Amino acid sequence: MRHTPNPLKSAAFAAIAATTGLAAMTAAPALADHHMEKEAGTIVDIAKSTGMHDTLVQAVVAADLAETLSGPGPITVFAPVDDAFAALPDGTVPTLLKPENKAMLQAVLTYHAVPGKVTSADLMNLIRQGGGSATIETVQGGTLTAMPMGDDIVITDARGRQTKVVKANVAASNGVVHVTDGVFLPG
């Protein structure tokens with residue numbers, strides 16, 4: 001995938017970037033195959049088609065965000081795999097999926113979304129500009145910190161939890177998806 005620089009996007013990135021340096025995003029080969037040739041659909045279409053994001057799709061539907069994530073975008077989504085949701089403390093997902101907790105679920109899910117199309121190359125530029133890490137503002141309003149760790153990019157959430165990007169730059173018709181092995185929790 002080729003990224004064409006956009007001055008407005010660059011200005012927006014500069015505004016949300018606080019620190020420096022990211023390295024290259026890598027993909028876990030086992031996960032990469034599930035995201036091949038899924039580039040034509042929306043972010044929701046991609047999540048539905050992989051068989052690795054069933055919990056995420058269930059949560060997006062419960063939070064009434066499916067229409068938003070199927071809209072024109074562009075938007076960037078860090079998409080946790082099912083194992084990431086399963087690794088949360090017992091009862092977390094069922095609690096979030098209860099109708100009375102819809103606002104909390106929306107906050108968690110929008111904490112995984114960034115306005116605009118932010119590719120791994122964009123993240124790397126932000127990290128270089130920041131000198132080793134980048135702070136990214138989410139749709140929820142909180143921030144995530146991206147930084148390199150070996151050959152991977154690790155995202156740290158507001159609670160200090162670290163999550164690895166296991167597959168970057170899954171192109172969607174309305175943005176881009178970066179697959180993660182953990183769930184971000186807002187502060």
Side-chain angles (χ1 to χ4, degrees), residues 12-13 15-16 18 31 34-35 38-119 122-123 134-146 153-187:
F13 292 154
I16 61 173
L31 295 175
H34 296 282
H35 295 85
K38 307 293 184 199
E39 299 178 4
T42 66
I43 290 168
V44 173
D45 293 335
I46 289 170
K48 286 181 177 176
S49 69
T50 64
M52 303 177 69
H53 301 288
D54 294 341
T55 306
L56 176 62
V57 170
Q58 182 181 11
V60 165
V61 170
D64 287 334
L65 292 174
E67 187 173 327
T68 300
L69 292 175
S70 296
I75 192 164
T76 299
V77 171
F78 291 92
V81 295
D82 291 334
D83 288 345
F85 284 102
L88 291 172
D90 286 344
T92 301
V93 172
T95 298
L96 285 171
L97 293 175
K98 290 181 179 178
E100 63 267 28
N101 294 327
K102 183 175 169 182
M104 186 182 342
L105 179 59
Q106 288 175 334
V108 170
L109 293 175
T110 57
Y111 190 53
H112 289 74
V114 175
K117 187 176 180 181
V118 183
T119 67
D122 296 325
L123 283 173
T135 300
I136 305 165
E137 187 173 341
T138 69
V139 171
Q140 181 263 350
T143 59
L144 299 167
T145 302
I153 290 180
V154 173
I155 308 293
T156 303
D157 67 17
R159 297 186 184 188
R161 297 165 35 95
Q162 293 187 325
T163 297
K164 185 168 62 174
V165 174
V166 294
K167 172 69 178 163
N169 299 327
V170 180
S173 62
N174 59 347
V176 65
V177 175
H178 302 301
V179 180
T180 65
D181 68 354
V183 177
F184 307 153
L185 297 175

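Side chains are part of it too, since the values below use all heavy atoms of this structure and drop only hydrogens, waters and symmetry mates. Fair warning: this is a prediction, and the values are worked out from it, not measured in the lab.
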Quick one: does [X]'s side chain have a donor or acceptor within less than 3.5 Å of a partner on [Y]'s backbone?
X: Asn174; Y: Thr42; result: no
X: Asp157; Y: Leu185; result: yes
X: Thr76; Y: Val118; result: yes
X: Arg161; Y: Thr156; result: no
X: Asn169; Y: Thr119; result: no

If every non-hydrogen atom of [X] is compared with every non-hydrogen atom of [Y], which pair is closest and at what distance?
X: Pro186; Y: Ala158; value: C-CB, 3.9 Å
X: Pro80; Y: Thr180; value: CA-OG1, 3.3 Å
X: His53; Y: Val179; value: CE1-CG1, 3.9 Å
X: Ala171; Y: Ile46; value: O-CD1, 3.3 Å
X: Ile75; Y: Ala113; value: CD1-CB, 3.8 Å
X: Ala59; Y: Leu105; value: O-CD2, 3.4 Å

Review point. Hey, mind stepping through Val60 and Leu109 against side-chain contact (heavy atoms from CB on, under 4.5 Å) and telling me if it holds?
Key: CA-CA 7 Å; Val60 165; Leu109 293 175; 4.2 Å; yes
Check your understanding: What pairs of residues pass the salt bridge (charged side-chain N to carboxylate O under 4.0 Å, His left out) test when at least one of them lies in residues 68-78, not counting sequence neighbours?
Key ->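 The answer is none; no pair qualifies.
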Exercise for review: Scan for salt bridge (charged side-chain N to carboxylate O under 4.0 Å, His left out) pairs involving residues 86-96, sequence neighbours excluded, and state none if there are none.
Suggested key: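 Of all non-adjacent pairs touching residues 86-96, none passes salt bridge (charged side-chain N to carboxylate O under 4.0 Å, His left out).
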Can you measure from [atom1] ([X]) to [atom2] ([Y]) and round to the nearest 0.5 angstrom?
X: Gln58; Y: Phe85; atom1: CD; atom2: CZ; result: 9.5 Å
X: Lys48; Y: Thr50; atom1: NZ; atom2: OG1; result: 12.0 Å
X: Ser70; Y: Asp45; atom1: OG; atom2: CG; result: 6.0 Å
X: Asp82; Y: Leu56; atom1: CG; atom2: CG; result: 8.5 Å
X: Thr145; Y: Ile155; atom1: OG1; atom2: CD1; result: 8.5 Å

Exercise for review: Measure the shortest side-chain to side-chain distance between Leu97 and Pro94 over non-hydrogen atoms and say whether it is less than 4.5 angstrom.
Suggested key: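 No, their side chains stay 4.5 Å or more apart.
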**Study point:** Side-chain heavy atoms of Thr55 within contact of Val93, under 4.5 Å
**Key:**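 Of all side-chain heavy-atom pairs linking Val93 with Thr55, at least one is under 4.5 Å.
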Review point. Which residue pairs pass the side chain to side chain donor-acceptor pair (under 3.5 Å) test with at least one member in residues 94-116, sequence neighbours excluded?
Key: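 Found Asp64-Lys102.
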**Study point:** Working for side-chain contact (heavy atoms from CB on, under 4.5 Å), residues Thr135 and Leu144
**Key:** CA-CA 6 Å; Thr135 300; Leu144 299 167; over 6 Å; no
Point to revise | Evaluation steps, side-chain contact (heavy atoms from CB on, under 4.5 Å), between Val114 and Glu137 | key: CA-CA 7 Å; Val114 175; Glu137 187 173 341; over 6 Å; no
Exercise for review: Step by step, work out the side-chain contact (heavy atoms from CB on, under 4.5 Å) result for Asp181 and Asp83.
Suggested key: CA-CA 7 Å; Asp181 68 354; Asp83 288 345; over 6 Å; no
